[in-house]
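Take a look at the structure set out below.
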Amino acid sequence: MIRCGTIGLGRFDLLSMEEEARRFWKTREIPRKWRSWDEGKPVFAFLEGPPTANGYPHVGHIRGRVFKDFVLKYMRLKGYNVWAQAGWDEQGLPVEVEAEKKLGIKKKKDIFRIVGAERFVEECNKLVDYYLKYWQDYATERIALWLDLENAYETRKPEYIEHVWYFIKRMHERGLLYEGKRVLPFCPRCETALSDAEVSQGYEDKVSPSIYVKFRLKNRNNEYLVIWTTTPWTLIDNEAVAVNPEGIYCKTRVGDEYWFVAESRLEEVMKNAGVESWECVERVRGSELEGLRYVHPLLEEVPIHTKHENAHYVITADFVSLDEGTGLVHIAPGHGPEDYEVGTQYGLPITSAVEINGVFNSEGGIFRGLDVNEASRKVTAVLREKGLLVYEGTIVHKYPHCWRCGTPLIYRADKQWFIRVSPYRSDLIKALSDVAIYPKKLRARFENWLENLKDWTISRSRIWGTPLPVWVCKDDPKKVKVIGSIEELKKEAEYLPDVDDFRLVHRPWIDRVRLKPTEDCKEWIRVPFVVDVWMDSGMAWMASVDGLRNRKLFSMLYPYHFITEGIDQTRGWFYSLLVTSVLLEGRAPYRTILMQGLVLDAQGRKMSKHLGNVIWANDLLTKHSVDATRAYILMRYPPAESFIFNLKEIRDVVRNLNIIWNVFKFADTYMSIDRFDPSKYDVLTTFNEGAPEDRWIISETNTLLRKFDELMGEYRLHEATKAVLDFFVETLSHGYLRMIRPRVWSEESLDRFHAYTALYHALKTGLQLLSTIAPHMAEKLWQDFIKRYEPGEAESVHLSRLSEPAKDLTDERIEKLMKVALGVISSAASLRNEVKIKLRWPIQYVKVGLPRDYVEGLKELKHIIRLLANSKDVIIVSYEELDCGEEEISEETKVDNVPLKTCISRELTSELRKEALAREIIRRVQTMRNSLNLKVDEPIKVYIKTEDDEISAALNEHREYVASEVRARDIMFGEGEADLAKEWVVEGRKVWIGIKRLRS
RNA sequence: GGGCCCGUAGCUCAGCCUGGCGGAGCGCCCGGCUGAUAACCGGGAGGUCCGGGGUUCGAAUCCCCGCGGGCCCA
């Protein structure tokens, strides 16, 4: 009887547990063992969505990565060989922007002029290394996300880049690669085109000018078209005016002029223009205006327009809105996707006087050298001078901005390289139909995106990226050669720069490669682009394992079982994986997608550097324990919902974990006193032969296992998490522990070993599930609790194997009955509260009325009700038979659809009073034991002196009961030599109590 | 302009698919326990289930129309 709880589990301290567990894992190499594969087990292949190795990880990243680990840890517990390779997305614009900042570069040209491309690329590479450390530490190891970092795939590595080249070459061979001219969004600061996916990430409010401009009609007397635009600079490349063919336009007299404006907009336009007196003299259908010629408003300033022949007239287009502006839209085919389309239809000149950096060239006439903003101001000023400006104001509207640097984008026509994916829309949708998407409701969005798919613009005018492996013939640019591997490059090269493979497959070194002349071409020239980074990560399904060479491994993993990233990746990574895999292999590369929602701050706002409300991973994890953070993230919201991150709420989770800790501590206290050895007991025996509550908790444990599996199967991660926490807090702590207290306390009760067996089983199972949520604390409990009772168990909780839910350990009937019993107890507590009888005071009886079917069943749980309601008797009858009288108080409720009526006796007999007083004394002795810091089972001697007859009588009558409860060898009346003595007031009467410790 | 989602207690959210009780945690109030103890437990108050209409014996739940908020696409 020496081992008394104290050497078992210590104080609850998450941070120190975390520390300890991390050390343990490191010295024992647990993560490596966790990742190792056993022959014959099924494989669960996870494909890591590579974070961009740029910038620090924040709480949004942590959320996603906790989801990943939760699922992986679970699958491993279930006995799968888990594939958990890390991966990093290392190239692309984000890194370049960062490098520019660091090197103090403002324009792209300066990269070549001032620092040189070599140094720039080395700088990008170094930055990647810098940020990788944070990601490996705070966003991976620190949160116990056990990805294989040593064998992480990296998009900058030559063998990875080869896979991207391979894809492009295959597309070329199938005639799907082409160079085309298209109007694309450009970032003038980054000097590169952006993909649709990138654009869609950057819609933000922008204040733009909003002007009405008069275009004078040719061969008419003082008649004008009044157009509306929010981008005055595009007027420089204006080639037509579009009207809605079905719209009604008014020829409106304003002074001695006639203006054409949509009828529906007339009032508003006139108001804005400050025209007080006007008259609609003629109503014309839009289609009737078609073909009317006008004078370009900037003809003198932009002389090139005098040479444009098929231009400057009214055309019709369905997209022209009659609800905004003037109902007439100016068309600059080089500056808008819709303008371009309609311009091509009419055969208008496609002009763009704007260079990639947003500055006008000589075709812009007097606007040459101005950037688009300056040009807008000057255009407006010129129009004002010429008397053509009708109205000048501003408008706030959603406008696309560069997702990296925030610069408003410009649209301009340019030559780019494309992959023809639009013919494959239906194949993509079909491939997606084999994929499980969680939550299910988001499938429609993905399909919607695929239905509207345009050809993929894969070229980028940047430097730090996978070079586009395309060479064109100098004399005949239609001749195209695509290189598909490093080996091929070396074979085809006439001159190779003397560098390693890493540099060879990067700009600027690859630009220096000279290919051998071929029969049909004397000189090949590489197109100066890199590849859209989304293609880098999009090839991860193959490139991550060097799949071109590593066929066996690749075929074991592909198609991957599971990927999960933010919902925004529908247009990003989810898409680029799908398209590359469908085009190469004819199917989706993944079987399950779990979409994640955003993370917002406590006020529900988006986290942004600008608002200063970003919670960084390292701040979060140094202040709060990983386990509490994980549990909080996992339980609080469904994975796909926006997460309002409120640091204060982590405290509530800590409280839950603390209760779990205490549950183990409670168990350990008594199991160790009794030297409980689980190997000697069998759960099935206890299930069948133990007390009803033992059967109940074993059944609940099984139900938890089954429920957890079900919920995980549907990726309802938050509900699975809550089920585990609830099991510990509600079922065990508030339920079972209260029920078995007297049994484990009494030294006589032999069936307490049934309780230990049931409890141990529940704790061990719960602990395994908990290990997916709070891995550090679970490990600590596994080592300090489970391994002490079962030294032969797995080395780590994470290497243990979860049992399958078992039919023969489930009893739904007892679960239901216990719910009812707990409902009765709750009613009794409520009634006590009403008549102010505290729980310590026993009551005569509790009467319960309920449907006939439940009467006999509930009687099996009488002893539980008696105990927890502290009632001498429990009377259970059918609902109709129940009769509550004057001396009773009653309450009706429903528990799990079972109607219940409960009443309790409010009469306190003298017998009950005496017992209550005895318990009052017990309580006070216990308090005194506690302040002497006595061990749980340390014996004492008690002295009591009181002049109250009732208390004396109570003590006489319950002497043995009191003695056993307080572990007293003897109870003496009168004062005596004590280690601690105190005078108490019990129910208004003075009692002197002294206790003396005895040697055990 | 099109698509999707959301609106339930003071706050954050379940419930809705498959119609039949309006729930949880936190906060608040009241109480208990003192052998899990720098803890813990019980009880209570609090609701126009956004508004209106419809279907139904019956609607938070299904349908329609509004209002408000969010996301995506244009």
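The sequence lines fix the lettering, A, B, ..., with proteins before strands; numbering per chain opens at 1. Predicted, not measured: the structure shown is a model, and the values here were computed from it.
- Taking atom CG of A:Leu737 as the reference point, atom P of B:U37 lies 12 Å away to the nearest angstrom.
- If you measure from atom CD of A:Gln569 to atom P of B:C72, you get 13 Å, rounded to the nearest angstrom.
- Here B:G51 sits opposite B:C65 as a Watson-Crick or G-U wobble pair (both hydrogen-bonding atom distances under 3.5 Å).
- B:G20 and B:C5 have their C1' atoms separated by 28 Å, given to the nearest Å.
- Looking at A:Lys722 and A:Asp726, no side-chain N of the basic residue comes within less than 4.0 Å of a carboxylate O on the acidic one, giving no salt bridge.
- The residue A:Ser826 sits close only to the backbone: its heavy atoms come under 4.0 Å of sugar-phosphate atoms, none of a base.
- Classification of A:Arg182 and A:Asp455 as a salt-bridged pair fails, no side-chain N sitting under 4.0 Å from a carboxylate O.
- Proximity of a side-chain donor or acceptor of A:Arg636 to a complementary backbone N or O of A:Ile644 within less than 3.5 Å is not detected.
- Ring to ring, A:Phe446 and A:Tyr575 are not that close: their centroids are 6.0 angstrom or more apart.
- Side-chain N or O atoms of A:Arg265 include one that pairs as donor or acceptor with a backbone N or O of A:Gly325 at under 3.5 Å.
- Annotation: B:G23 and B:A38 have their C1' atoms spaced 33 Å apart (nearest Å).
- A:Tyr756 places a side-chain heavy atom less than 4.5 Å from the side chain of A:Val744.
- At a threshold of 4.0 angstrom between heavy atoms, the contacts of A:Ile567 with the nucleic acid are absent.
- Both A:Trp841 and A:Glu719 lie near RNA chain B, and the one whose nearest nucleotide falls closer to the 5' end is A:Glu719.
- Between B:U37 and B:G31, the distance separating the two P atoms is 26 Å to the nearest Å.
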Original post:
How does protein reach along nucleotides 16-30 of chain B, written 5' to 3' as B (base within reach of a heavy atom under 4.0 Å), S (only sugar-phosphate), or - (no contact)?
Top reply: -----B----SS--S
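- As rounded to whole Å, 11 Å separates atom P of B:C41 from atom CZ of A:Arg741.
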Can you tabulate the close N/O pairs, meaning under 3.5 Å, that link protein atoms to atoms of nucleotides 3-8 of chain B?
from : atom 1 : to       : atom 2 : distance (Å)
B:C4 : O2     : A:Arg445 : NH2    : 3.2

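- The same atom, C1', is picked in B:G52 and in B:G7; the two are 16 Å apart, to the nearest Å.
- Nearest-nucleotide positions on RNA chain B for A:Lys722 and A:Lys665 put A:Lys722 closer to the 5' end.
- The separation of B:C4 from B:C63, taken at their P atoms, amounts to 13 Å, rounded to a whole angstrom.
- The C1' atoms of B:G70 and B:A9 are separated by 23 Å, rounded to the nearest whole Å.
- Of the possible donor and acceptor atoms, none in the side chain of A:Thr234 sits under 3.5 Å from a partner among the backbone N and O of A:Ala332.
- The partner of B:G27 cannot be assigned: no Watson-Crick or G-U wobble pair with both contacts below 3.5 Å exists in any strand.
- If you measure from atom NE2 of A:His734 to atom P of B:G43, you get 10 Å, rounded to the nearest angstrom.
- Looking at every heavy atom in both residues, A:Val824 comes nearest to A:Ile865 through CG1-CG2, 4.0 Å.
- Across every strand in view, B:A36 sits unpaired, with no contact that passes the Watson-Crick or G-U test at under 3.5 angstrom.
- A donor-acceptor pair under 3.5 Å links the side-chain atoms of A:Arg788 to the main chain of A:Asp784, judged by distance alone.
- Shown here, B:C4 forms a base pair with B:G70; the pair counts as Watson-Crick or G-U wobble because both key distances fall under 3.5 Å.
- Distance noted for atom C1' between B:G46 and B:G27: 11 Å (whole Å).
- Contact annotation for A:Tyr637: backbone-only contact, meaning every heavy-atom pair under 4.0 Å involves sugar-phosphate atoms and none involves a base.
- Comparing the same atom, C1', in B:G54 and in B:G58 gives a spacing of 15 Å after rounding to whole Å.
- Atom CE in A:Met739 sits roughly 15 Å away from atom P in B:C41 (whole-Å rounding).
- For A:Arg919 (side chain) and A:Pro842 (main-chain N/O), no donor-acceptor pair under 3.5 Å exists by modelled atom type.
- Between A:Phe666 and A:Tyr736, the distance separating the two ring centers is not shorter than 6.0 angstrom.
- Straight-line distance from the CG atom of A:Asn658 to the C1' atom of B:A38: 10 Å, rounded to whole Å.
- If you measure from atom CG of A:Leu831 to atom C1' of B:G31, you get 14 Å, rounded to the nearest angstrom.
- Distance, A:Glu341 CD to B:A74 P: 12 Å, rounded to whole Å.
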